[in-house]
Amino acid sequence: MEPNATSADGVWRNLRPIPELTACDRALPAGELAALVVQGGLLRWAGPTGAVPAAYAALPQWDGGGALAMPGLVDCHTHLVYGGQRAHEFAMRLAGATYEEVAMAGGGIASSVRATREASEDELFALAEQRLQALLAEGVCAIEIKSGYGLALAHERKQLRVARRLGEVYGVTVRTTFLGAHALPPEYAGQPGGSQDYIDRVCHEMLPALAAEGLVDAVDVFCERIAFTLAETEQVFRAAQALGLPVKLHAEQLSDMGGATLAARYGALSCDHIEHLSAEGIAAMKAAGTVAVLLPGAYYTLRDTHLPPIAQLRAAGVPMAVSTDHNPGTSPCLSLLLMANMACTLFRLTVPEALMGITTHAARALGLQDTHGLLAAGRPANFVLWPFAEAAELAYWFGHQPARTIVRQGQVVQG
Ligand code: NIG
Ligand code: FE
């Protein structure tokens, strides 16, 4: 918990909630300001300021001053824990190299694997906490953190332990995802059957050990030409299923591998990237309740031009989340609001879609739909107050850090 945090218990009056992100106990008449009641770290009541139940009258009173109120942000896809950085690859790509060419030349994920393996757990923590602080300062209250830059049991464990520790130290909900199948580790590269041998190790050694240590909330695979095949992906999904762990997938980012259809068959929480998602993949995701996670930061950095099928996802009613995909290669981004802006500008999401994408639907992509991403009674008190006249300002400004008040896990951590 941050050192200057104080309890947020009390009645927070004179707020303007965003209708799509709020479930009021008493309907809010047009133009009337809302109140939120926090008690014991939980949101107990939401409704018109004039109708706060008398039972709460003795609680501390907070005046929101007409601020815009939204649920705490949820960043549902990050690779936050890693050593080093990859600015030199940025320069290579500016000189004309593609992401795949950089990876083939020994850069890419492999270069972050080297730096992550060399770093101690404490060093990784110190690097990751700076990144986390930037996200928290914008109002992130829940975050997914993947492994996948260790690619060996001890190093994957190191990453996941750092992720857990970040959650404990900062009082933020962290969901860990094991992404052992992110890339072929260098010691397997060039070996006949190396990819299959590594996947066997992921399934039979790494995943069971890390799950037994309580370090794995979900399992992910990078299913792509430059990573793992559909058959290898399915093996990892089967291993996850045997342990009762939910799956997610880096799917159809650079090509249509049929990953989304496979993931949906395993009841995946989400399919992420999905620039090359097919109509069949969309139908399968809809049927399975799988969330489409849009990652405009990676699309932008790679100067991709192949848009994800937004209109078709919308028409099919597949929930769309938006995330930073924070990672050192394709999305060194530490602003979820910037991603909301890019989701609107690059992907043509509406403002309510983008805002649900970084709250309600992002929570669903992590299996946190009952506790996060919506202002509603009975949930942990996670909310952000903004000095904005209208909700569209959240996605409209970029590169701007206006003052705000953050309540995270029932504590006022800023403001
Ligand atoms: O989500 N797509 C694969 N993984 C990351 C990139 C990882 C890297 O380049 O280090 C992503 O974009
Ligand atoms: Fe990713």
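One-based numbering, in listed order, for ligands and for the atoms of each. On a predicted model such as this, the values are computed, not experimentally measured, just so you know.
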For this session: Around atom 2 (N) of ligand 1, find the nearest protein heavy atom and jot down its residue, atom name and distance.
Result: Q253 OE1, 3.1 Å
Seminar exercise, completed: the Fe ion (ligand 2) has as its nearest N, O or S atom from D325 the atom OD1
Exercise. Can a donor-acceptor pair be found between the side chains of T98 and R93 at a distance below 3.5 Å?
Worked result: no
Exercise. Salt bridge or not for R175 and D75, using N-O below 4.0 Å?
Worked result: no
Exercise. Would R404 and E138 satisfy salt bridge (Lys or Arg N to Asp or Glu O under 4.0 Å), going step by step from the backbone distance to the final call?
Worked result: CA-CA 8 Å; R404 82 229 67 163; E138 218 176 46; 5.8 Å; no
For this session: Check the side chains of T177 and E144 for a donor-acceptor pair under 3.5 angstrom, ignoring hydrogens and angles.
Result: yes
Exercise. With side chains defined as the heavy atoms from C-beta onward, is the minimum distance between W12 and L385 less than 4.5 Å?
Worked result: yes
For this session: For H79, take its heavy atoms, then give the atoms of ligand 1 lying under 4.0 Å from any of them.
Result: 1 (O), 4 (N), 5 (C), 11 (C)
For this session: Give the residue and atom name of whichever protein heavy atom lies nearest to atom 10 (O) of ligand 1, and the separation in Å to one decimal.
Result: Y149 OH, 2.6 Å
For this session: Name the closest protein heavy atom to atom 4 (N) of ligand 1, giving the residue it belongs to and the distance to 0.1 Å.
Result: H182 NE2, 2.9 Å
For this session: May I ask you to list the atoms of ligand 1 that are less than 4.0 angstrom from any heavy atom of H77?
Result: 1 (O)
Problem set entry | C223 SG to H250 NE2 distance, which is reported to the nearest 0.5 Å | 11.5 Å
For this session: Determine whether the side chains of E232 and S195 contain a donor N or O and an acceptor N or O closer than 3.5 Å.
Result: yes
Problem set entry | Heavy atom of E224, distance to ligand 1 below 4.0 Å | no
Exercise. N/O/S atom of D272 under 2.8 Å from the Fe ion (ligand 2), yes or no?
Worked result: no
For this session: Measure the distances from the heavy atoms of Y99 to every atom of ligand 1 and state whether one is below 4.0 angstrom.
Result: yes
Exercise. What is the closest protein heavy atom to atom 11 (C) of ligand 1, and at what distance does it sit?
Worked result: D325 OD2, 3.2 Å
Exercise. What angle, in degrees and rounded to 10°, do you get at the Fe ion (ligand 2) when you join it to NE2 of H79 and to NE2 of H77?
Worked result: 100°
Exercise. Quick one: do the D122 and S120 side chains pair a donor with an acceptor below 3.5 Å?
Worked result: no
